[in-house]
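All residue numbers refer to positions in the sequence shown, counting from 1. We use all heavy atoms of the structure for the numbers below, so side chains are in, but hydrogens, waters and symmetry mates are not.
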Amino acid sequence: MPLYADLAAVAVGSLQGALFAAGFKRIDLLGVAIIGIFSGVGGGFLRDVFLGTTPAAFSNNWYLIAATGAAFIGMLLQRLLVKADPVITALDAVSIGMFGAIGTTKALALGMPVVPALFIGTVSAVGGGVLRDLMLNIPIALMHVGSLYAVASLVGVIVLTALLAFGVPVITAGVVCAIVTALVRLLAVRFGWSLPEQRALSRIRLRRQRQVEQAIEVALQTGTLTLPITLPEDEAGDPPPRAAE
């Protein structure tokens with residue numbers, strides 16, 4: 001990816017991070033700027049650490065300049081916008097798509113196999129958001145149901161590698177990757193898509209186990225075995241049974 005694409009990703013990430021941080025009380029202007037800068041350069045920093053190369057933010061003056069300028073613009077926009085949440089969500093979706101594309105193509109350019117390159121691209125995409133949440137001392141969005149950060153990024157970078165395999169120019173493939181990632185992320189927010197919650201999976205397993213046990217009891221009493229029917233998740237909404245004392 002050319003330098004301007006990487007700088008654009010850093011600027012978008014910093015703009016989004018500063019917009020997000022400016023919505024919190026008890027954070028001064030310097031704190032908002034620092035969080036915005038880390039949001040912009042964090043994904044690329046983690047990417048380069050995994051790749052064993054000098055972090056791009058420390059090898060060129062323009063990275064920190066772009067991150068700082070975008071962070072200050074984000075602070076101003078937060079004061080001007082009545083509702084900043086839709087803008088933050090849109091910028092977040094775009095930034096993870098851009099960082100995913102840049103991280104994957106850089107890993108491939110350094111000779112890394114496809115699967116590790118996909119991992120590097122996903123880490124690069126979500127790294128800035130993770131550092132932002134850690135600095136704000138809030139739950140990391142990546143770890144919670146309904147985020148689809150990593151899933152959206154993974155879908156985008158898989159599309160990217162497929163296009164590159166068919167000989168599509170890297171810039172075109174990167175743009176498509178960013179668009180696909182942003183669409184998946186925004187659609188997930190719009191329609192509430194999410195991966196299953198771990199507790200929900202446990203409830204499904206317990207419900208099926210109870211159904212099998214009940215079928216076995218009926219079979220022992222009547223001599224007829226009736227297979228349990230799998231119900232849609234949480235149709236009954238039964239709580240998990242208590243453990244035997």
Side-chain angles (χ1 to χ4, degrees), residues 1-17 36-71 89-132 142 147-188:
M1 286 288 182
L3 177 62
Y4 68 81
D6 209 358
L7 293 176
V10 169
V12 172
S14 296
L15 181 65
Q16 183 272 339
I37 293 170
F38 271 84
S39 298
V41 301
F45 186 86
L46 292 177
R47 172 199 68 205
D48 294 335
V49 168
F50 276 111
L51 292 174
T53 62
T54 302
F58 299 155
S59 62
N60 190 304
N61 292 326
W62 287 107
Y63 283 93
L64 291 177
I65 292 174
T68 304
T89 301
L91 289 174
D92 194 22
V94 173
S95 67
I96 63 176
M98 297 175 71
F99 277 114
I102 294 170
T104 304
T105 53
K106 186 169 184 176
L108 292 173
L110 292 176
M112 186 168 288
V114 172
V115 174
L118 295 177
F119 173 77
I120 294 296
T122 303
V123 169
S124 178
V126 303
V130 170
L131 291 179
R132 176 202 66 199
L142 173 67
S147 64
L148 281 193
Y149 278 101
V151 173
S153 173
L154 185 59
V155 171
V157 295
I158 289 175
V159 172
L160 169 70
T161 54
L163 292 175
L164 293 177
F166 284 101
V168 177
V170 65
I171 295 297
T172 304
V175 171
V176 174
C177 170
I179 293 174
V180 170
T181 303
L183 284 177
V184 172
R185 170 64 182 147
L186 292 175
L187 289 174

Test side chain to side chain contact (heavy atoms under 4.5 Å, CB included) applied to Asn61 and Leu64, step by step
CA-CA 6 Å; Asn61 292 326; Leu64 291 177; over 6 Å; no
Do you know the tightest heavy-atom contact between Ser39 and Arg132?
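Looking at all heavy atoms of both residues, the closest pair is OG-CB, 3.3 Å.
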Would you check if Val184 and Thr181 make a side-chain contact, meaning some heavy-atom pair closer than 4.5 Å?
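No, side chains not in contact.
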Hey, does Cys177 have a side-chain heavy atom less than 4.5 Å from the side chain of Val159?
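A side-chain contact under 4.5 Å is absent here.
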Is the side chain of [X] donor-acceptor paired with the backbone N or O of [Y] at a distance under 3.5 Å, no angle test?
X	Y	answer
Ser124	Gly100	no
Thr53	Val49	no
Thr172	Val168	no

Please round to the nearest 0.5 Å and tell me the distance separating atom [atom1] of [X] and atom [atom2] of [Y].
X	Y	atom1	atom2	result
Leu51	Leu46	CG	CG	11.0 Å
Asp6	Ile102	CG	CD1	4.0 Å
Leu118	Ile158	CG	CD1	6.0 Å
Thr105	Leu164	OG1	CG	8.0 Å
Asp92	Leu15	CG	CG	11.5 Å
Leu91	Ser14	CG	OG	11.0 Å

Do Arg185 and Tyr149 meet the cation-pi criteria used here (NZ or CZ under 6.0 Å from the six-membered ring centre, within 45° of the axis)?
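Relative to the ring axis of Tyr149, which defines the angle, Arg185 lies inside both limits.
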Is any NZ, NE, NH1 or NH2 atom of the basic residue among Asp48 and Lys106 found under 4.0 Å from an Asp or Glu carboxylate oxygen of the other?
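Judged by the 4.0 Å cut-off on N to carboxylate O distance, Asp48 and Lys106 do form a salt bridge.
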Give the intermediate values and the outcome of side chain to side chain contact (heavy atoms under 4.5 Å, CB included) for residues Phe38 and Phe45.
CA-CA 9 Å; Phe38 271 84; Phe45 186 86; over 6 Å; no
Does Tyr63, at its OH atom, have more than 12 non-hydrogen atoms belonging to other residues, nucleotides or ligands within less than 6.0 Å?
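Atom OH in Tyr63 is packed in, count exceeds 12.
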